[in-house]
J.: 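Could you have a look at this structure, given as structure tokens, before my questions?
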Amino acid sequence: MRTLTEIEQYRLTKLERMRDRGESPYPHRVQRTHSIASAVQAFDEAVSDGTDPHETDLKAILCGRLRSVRTMGKLAFAHIEDEGGRIQLLLRADVLGVDRLKQFEDDFDLGDIIQAEGTLLRTRTGETTLNTSALRMLAKSISPLPAAKEVDEEGERKTYSAFDNAEARYRERYADLAVNERVREIFRARARILRALRMFLDNHDFLEVETPVLQPIYGGAAAKPFSTHHNQLHQDLFLRISFELYLKRLLVGGFEKVYEIGRDFRNEGVSLTHNPEFTQLEFYWAYADYHDVMCLTEQMVAYVAEQVTGSTMVTYQGQQLDFNPPWERCSLSDLVAEYSSIDYRKFPTAEGLAMVMREKGHDPSMGSTRGKLIESLFSACVESRLMQPTFVVDYPRDISPLAKTTEKDPETVERFEVFMGGLELCNAFTELNDPFDQEERFAQMGREYSNESGDGHPMDLDYLRAMRYGMPPNGGFGMGVDRLVMLLTDQRSIREVILFPHLRAKQ
RNA sequence: GGGCCGCUAGCUCAAUUGGCAGAGCAGGGGCCUUUUAAGCCCUUGGUUACAGGUUCGAGUCCUGUGCGGCUCACCA
């Protein structure tokens with residue numbers, strides 16, 4: 001253990017003093033008759049019949065973290081906090097005992113986890129309070145929590161000297177959570193969002209499944225993977241970058257509606273909206289196309305917003321977002337034409353498009369395909385300006401190798417992405433189910449039949465084999481769950497909605 | 001990976017042109033039987049992220065390193 005600070009040294013001597021008098025600072029067993037919230041509720045019910053609230057005989061044993069102490073000689077007030085609430089303790093020398101009160105003042109610190117037994121009453125100022133007759137240490141806190149001060153003022157909790165250094169908060173998320181209720185609330189909302197997503201999909205007869213995280217051949221997205229190795233099998237493996245190819249194998253197997261919520265890993269840059277591991281929702285729906293998926297998507301997100309926030313109108317970074325279906329559907333080509341004043345339909349080759357982009361002041365990277373040029377135009381000119389939920393529809397074929405082309409244009413695929421609040425949220429398409437077309441698309445992407453020579457991305461022959469057995473036409477969908485959490489909890493950074501975001505190692 | 005900005009006590013922050021490193025809270029010693037950012041008196045606490053350099057003198061200026069924030073690039 002590293003060198004203790006002065007404060008930690010003091011706390012250690014308090015701990016030793018407790019041990020010396022036979023009081024364990026870390027006892028095995030705990031008593032607890034009520035959560036704080038249920039004790040307060042029981043008290044309110046007990047006095048609702050006119051019982052004198054200053055003199056009840058309602059007993060409770062409560063547990064929680066000591067969050068504030070005010071001592072005044074033969075009397076002290078304190079607050080303890082458990083997950084559901086906070087309550088004041090009244091510690092009187094004539095109830096608790098003079099010696100025990102002195103021990104409390106000497107040996108208990110902010111941050112200690114304690115147990116308090118007593119009867120409930122209301123103080124002169126009207127606060128529900130436990131008149132404490134016995135105190136027990138449950139876990140002595142050695143290191144001081146960040147010294148935020150909180151106070152209820154006219155119903156609103158004001159925080160002073162908040163622990164708000166982002167790096168310190170992420171590195172010591174436990175301290176952040178212990179001290180910042182607002183942060184705990186984000187992760188409760190996150191849990192509700194996941195529950196609502198599952199509820200919605202389960203109610204629509206989707207089957208939740210789990211597919212491999214460790215994959216011999218990665219695919220389903222364009223990202224670079226993390227790689228690892230199985231020692232006994234002498235096999236190189238990748239952490240998945242998407243679930244797509246496994247989930248569609250399940251449609252071949254006869255499941256018609258499947259979904260998975262889990263972790264994807266992408267070895268790419270870290271940013272406000274990218275964490276190396278993130279939570280993805282994907283579903284695949286047999287006998288549906290991307291129009292059906294759009295309808296389900298807007299219903300699903302509106303349902304989750306309603307369940308989690310109570311409304312389909314959500315404030316994100318000062319903007320009102322309206323999740324109420326139907327959402328606007330705009331073609332990619334129209335949006336790009338509108339915002340960049342380049343109508344790429346008039347430039348059928350990559351060279352021609354790159355030229356007009358340069359004329360308009362863009363800097364297209366050399367050797368990009370036409371689809372990549374269109375995509376870069378979109379992200380530069382359009383993406384951050386889409387505030388209200390918007391389906392961006394119909395993408396270039398060469399950047400969408402798993403999507404079926406439209407019936408009228410072989411260079412365009414039936415694909416949509418959802419943007420809102422300036423964020424990309426979803427990606428979906430009418431899935432390609434023609435094994436010959438799929439093989440050709442893989443080959444065009446540079447997938448190789450043999451990977452023995454080295455770095456080429458191998459052809460996923462097993463996936464093609466599956467498709468040759470017959471894959472029902474289907475619509476597929478992917479959504480970044482962390483980003484949905486950002487939108488519904490009004491957070492600008494993905495790190496605020498991931499409990500332990502990835503940070504560079506210290507030292 | 002590039003650019004810009006930041007890093008001062010356990011936490012939140014000051015420190016004039018380069019001139020004695022400070023405050024509030026937390027901590028320690030006291031007083032106090034209805035407080036709630038309790039109050040009052042006294043008080044401890046610093047390798048100013050790290051390593052160099054310039055200077056009589058560096059938290060402040062210069063160089064490098066680390067970590068972070070923002071941003072750009074990358075990212076079907």
Side-chain angles (χ1 to χ4, degrees), chain A residues 4-11 13-14 54 67-79 86-96 98 101 105-106 109-111 121-127 129 131 142-153 157-172 175-176 179-180 219-224 241-242 244 266-274 276 363 365 369 371-372 374-376 378-380 395-403 413 415 417 424 427-429 441 445 478 492-493 495 503-507:
Chain A
L4 296 178
T5 64
E6 188 190 0
I7 292 176
E8 289 166 336
Q9 296 281 6
Y10 272 115
R11 291 191 174 191
T13 63
K14 296 174 183 189
H54 304 293
R67 291 304 306 272
S68 71
V69 175
R70 296 172 294 285
T71 67
M72 36 203 67
K74 299 286 183 291
L75 169 77
F77 288 97
H79 277 95
R86 183 181 285 219
I87 193 169
Q88 180 167 262
L89 306 182
L90 169 60
L91 307 160
R92 294 172 52 131
D94 55 0
V95 175
L96 186 61
V98 179
L101 181 59
E105 291 179 0
D106 289 347
D109 288 293
L110 298 184
L121 53 73
R122 230 191 280 286
T123 59
R124 283 175 204 168
T125 52
E127 181 166 353
T129 297
N131 186 12
I142 299 300
S143 302
L145 284 169
K149 280 233 159 193
E150 292 177 338
V151 61
D152 287 318
E153 251 171 41
R157 180 167 295 178
K158 289 185 69 175
T159 304
Y160 301 85
S161 301
F163 180 46
D164 69 354
N165 178 281
E167 179 184 2
R169 287 178 45 234
Y170 302 148
R171 287 196 193 279
E172 298 196 29
D176 185 28
V179 140
N180 291 323
K224 295 187 195 71
I241 58 173
S242 85
E244 171 147 7
R266 295 187 182 175
N267 209 337
E268 306 281 356
V270 176
S271 78
L272 269 191
T273 52
H274 297 80
D363 184 25
S365 49
T369 64
K372 290 210 184 229
I374 292 167
E375 198 172 40
S376 75
F378 176 80
S379 63
Y395 280 68
R397 175 180 183 273
D398 69 81
I399 54 169
S400 314
L402 299 161
V413 294
R415 172 179 171 190
E417 294 190 310
E424 177 189 345
N427 183 22
F429 21 91
R441 303 265 204 114
M445 286 167 68
R492 207 170 97 77
S493 168
R495 293 179 211 103
L503 297 176
R504 202 184 296 263
K506 275 263 191 186
Q507 291 162 359

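A, B, ... follow the sequence lines: proteins, then strands. Residue 1 opens every chain.
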J.: Measure CZ/A:Arg169 against P/B:U12 and give the value in whole Å, please.
T.: 10 Å
J.: Can you tell me which nucleotide in B:U33, B:U34, B:U12 comes closest to the side chain of A:Lys74?
T.: B:U33
J.: Does the A:Thr369 side chain pair with the main chain of A:Lys372, one donor and one acceptor, at a distance under 3.5 Å?
T.: yes
J.: Between B:U35 and A:Arg70, counting only base atoms on the nucleotide and side-chain atoms on the residue, is there a donor-acceptor pair under 3.5 Å?
T.: yes
J.: Would you compute the distance between atom CD of A:Glu105 and atom CG of A:Leu91 and round it to the nearest 0.5 angstrom?
T.: 8.5 Å
J.: Residues in side-chain hydrogen bond (donor to acceptor under 3.5 Å, both in side chains) with A:Glu167, at least two apart?
T.: A:Arg171, A:Lys506
J.: Considering only atom P, compute the distance from B:U60 to B:A15 and round it to an integer number of Å.
T.: 14 Å
J.: Can you measure A:Glu105 atom CD to B:U33 atom C1' for me and round it to whole angstrom units?
T.: 11 Å
J.: Select base, sugar-phosphate, or nothing to describe what A:Thr123 touches, counting heavy atoms under 4.0 Å on all strands.
T.: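 Answer is base: heavy atoms of A:Thr123 come under 4.0 Å of a base.
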J.: With rounding to whole Å, what would you report as the distance between B:G1 and B:U54 at their P atoms?
T.: 31 Å
J.: What nucleic acid atoms does A:Gly371 come within less than 4.0 Å of, heavy atoms only: base, sugar-phosphate, or nothing?
T.: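 The answer is nothing, as A:Gly371 stays clear of every strand by at least 4.0 Å.
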J.: Between the base of B:U34 and the side chain of A:Arg92, is there any donor-acceptor pair under 3.5 Å?
T.: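 Yes.
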J.: Looking only at side-chain atoms of A:Leu110, point me to the closest of B:A26, B:U34, B:G28.
T.: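 For the A:Leu110 side chain, the nearest candidate turns out to be B:A26.
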J.: Select from A:Ser400 and A:Glu6 the residue whose nearest nucleotide in RNA chain B is closer to the 5' end of that strand.
T.: A:Glu6
J.: Taking pairing as Watson-Crick or G-U wobble with both contacts under 3.5 Å, can you name the mate of B:A58, or confirm there isn't one?
T.: none
J.: What is the distance from NZ of A:Lys224 to C1' of B:G1, rounded to the nearest Å?
T.: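 To the nearest whole Å, that distance equals 11 Å.
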J.: Could you state the atom-to-atom distance from CZ of A:Arg122 to P of B:U35 in whole Å?
T.: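 My rounded result for the distance is 17 Å.
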J.: Base, sugar-phosphate, or nothing for A:Ser271, non-hydrogen atoms under 4.0 angstrom?
T.: nothing
J.: Return the set of residues passing side chain to side chain contact (heavy atoms under 4.5 Å, CB included) with A:His79 (not counting sequence neighbours), or none when no residue passes.
T.: A:Ser68, A:Arg70, A:Arg86, A:Gln88, A:Glu127
J.: Sticking with atom C1', work out how far B:A49 lies from B:C5, rounded to a whole angstrom.
T.: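 Those two atoms are separated by 16 Å.
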J.: What distance, rounded to whole Å, do you find between the two P atoms, one in B:C25 and one in B:U63?
T.: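 Going atom to atom, P in each nucleotide, I get 40 Å.
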J.: Taking only N and O in the side chain of A:Lys372, is any of them less than 4.0 Å away from OP1 or OP2 of B:C74?
T.: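 No, no such contact exists.
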J.: Scan A:Pro396 against the nucleic acid and name what it touches under 4.0 Å (heavy atoms): base, sugar-phosphate only, or nothing.
T.: nothing
J.: Closest approach of A:Asn131 and A:Arg92, non-hydrogen atoms and distance?
T.: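 Looking at all heavy atoms of both residues, the closest pair is OD1-CD, 4.0 Å.
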J.: Distances under 3.5 Å only, N/O to N/O: pair up the protein atoms with those of nucleotides 68-70 of chain B.
T.:
residue: B:G68; atom: OP1; partner: A:Arg504; partner atom: N; Å: 2.7
residue: B:G68; atom: OP2; partner: A:Arg504; partner atom: NE; Å: 2.9
residue: B:G68; atom: O4'; partner: A:Glu167; partner atom: OE1; Å: 3.1
residue: B:G69; atom: OP1; partner: A:Arg495; partner atom: NH1; Å: 3.3
residue: B:C70; atom: OP2; partner: A:Arg495; partner atom: NH1; Å: 3.3
residue: B:C70; atom: O3'; partner: A:Arg492; partner atom: NH2; Å: 3.3

J.: Of the options B:C11, B:C75, B:A38, whose atoms approach the side-chain atoms of A:Met72 most closely?
T.: B:A38
J.: Are A:Pro144 and A:Glu8 packed together at the side-chain level, in the sense that at least one heavy-atom pair is separated by less than 4.5 angstrom?
T.: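 Contact flag for A:Pro144/A:Glu8 side chains = yes.
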J.: Among all residues two or more places apart in sequence or in another chain, which pass the ring pair (Phe, Tyr, Trp, His ring centres under 6.0 Å) test with A:Phe378?
T.: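 Ring pair (Phe, Tyr, Trp, His ring centres under 6.0 Å) check on A:Phe378 returns A:Phe419.
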J.: Run the side-chain hydrogen bond (donor to acceptor under 3.5 Å, both in side chains) test against A:Arg266 and tell me which residues pass, sequence neighbours left out.
T.: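 With neighbours one apart ignored, the set is empty.
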J.: Would you say the side chain of A:Ser68 and the base of B:U36 hold a donor-acceptor pair, judged only by whether the two atoms sit under 3.5 Å apart?
T.: no
J.: In whole Å, I'd like the distance from the CG atom of A:Asp94 to the P atom of B:U34.
T.: 12 Å
J.: Looking at residues at least two apart in the chain, or sitting in another chain, which of them share a side-chain hydrogen bond (donor to acceptor under 3.5 Å, both in side chains) with A:Ser242?
T.: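 In terms of side-chain hydrogen bond (donor to acceptor under 3.5 Å, both in side chains), with neighbours along the sequence ignored, A:Ser242 is linked to no residue.
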J.: Looking only at the side chains, is there a donor atom on one of A:Tyr395 and A:Glu375 sitting less than 3.5 Å from an acceptor on the other?
T.: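 Result is no, nothing qualifies.
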J.: Can you tell me, in whole Å, how much space there is between the C1' of B:G19 and that of B:U35?
T.: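 Going atom to atom, C1' in each nucleotide, I get 46 Å.
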J.: Under a 3.5 Å limit for both distances, which nucleotide forms a Watson-Crick or G-U wobble pair with B:U65, could you say?
T.: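 Answer to the pairing question: B:A49, which forms a Watson-Crick or G-U pair with B:U65.
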J.: Rounding to the closest angstrom, what is the interatomic distance between B:C31 and B:G24 at atom C1'?
T.: 22 Å
J.: Once you round it to whole Å, what is the distance between C1' of B:G1 and CG of A:Asn267?
T.: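 Result: 14 Å.
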J.: What distance, rounded to whole Å, do you find between the two C1' atoms, one in B:U8 and one in B:G46?
T.: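 Nearest-Å result for B:U8 against B:G46 at atom C1': 8 Å.
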J.: The side chain of A:Leu75 is closest to which nucleotide in this list: B:C75, B:U34, B:G28?
T.: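 Looking only at side-chain atoms, A:Leu75 lies closest to B:U34.
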J.: When the distance from CG of A:Leu90 to C1' of B:A38 is rounded to whole Å, what number comes out?
T.: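 The distance from CG of A:Leu90 to C1' of B:A38 comes to 14 Å, rounded to the nearest Å.
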J.: From the set B:U33, B:U34, B:U36, return the single nucleotide nearest to any side-chain atom of A:His79.
T.: B:U36
J.: Closest to the A:Glu268 side chain: B:U12, B:U34, B:C74?
T.: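 The answer is B:C74.
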J.: B:C72 C1' sits how many Å from A:His274 NE2, rounded?
T.: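 Those two atoms, NE2 and C1', are 13 Å apart.
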J.: At 4.0 Å (heavy atoms only), tell me whether A:Arg415 reaches a base, stays on the sugar-phosphate, or touches nothing.
T.: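 Sugar-phosphate contact only - A:Arg415 comes under 4.0 Å of backbone atoms but never of a base.
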J.: Assess whether a salt bridge exists between A:Lys14 and A:Asp109, defined as any Lys/Arg side-chain N lying under 4.0 Å from an Asp/Glu carboxylate O.
T.: yes
J.: For RNA chain B, whose closest nucleotide is more 5', that of A:Glu127 or that of A:Asn427?
T.: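 Closer to the 5' end of RNA chain B: A:Glu127.
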J.: Between B:A14 and B:U55, how far apart are the C1' atoms? Round to whole Å, please.
T.: 26 Å
J.: Under a 3.5 Å cut-off for both contacts, is B:G1 paired Watson-Crick or G-U wobble with anything, and if yes, with which nucleotide?
T.: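 Base partner found: B:C72.
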J.: Under 3.5 Å for both donor-acceptor distances, Watson-Crick or wobble: does B:C31 have a partner, and if so which one?
T.: B:G39
J.: Taking the minimum atom-to-atom distance to the side chain of A:Pro146, which one of B:G45, B:U36, B:C11 wins?
T.: B:C11
J.: Partner of B:G18 by Watson-Crick or G-U wobble geometry, both contacts under 3.5 Å, or none?
T.: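 Pair assignment: B:G18 / none.
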J.: May I ask you to say what A:Gln88 touches in the nucleic acid, namely base, sugar-phosphate or nothing, with a heavy-atom cut-off under 4.0 Å?
T.: base
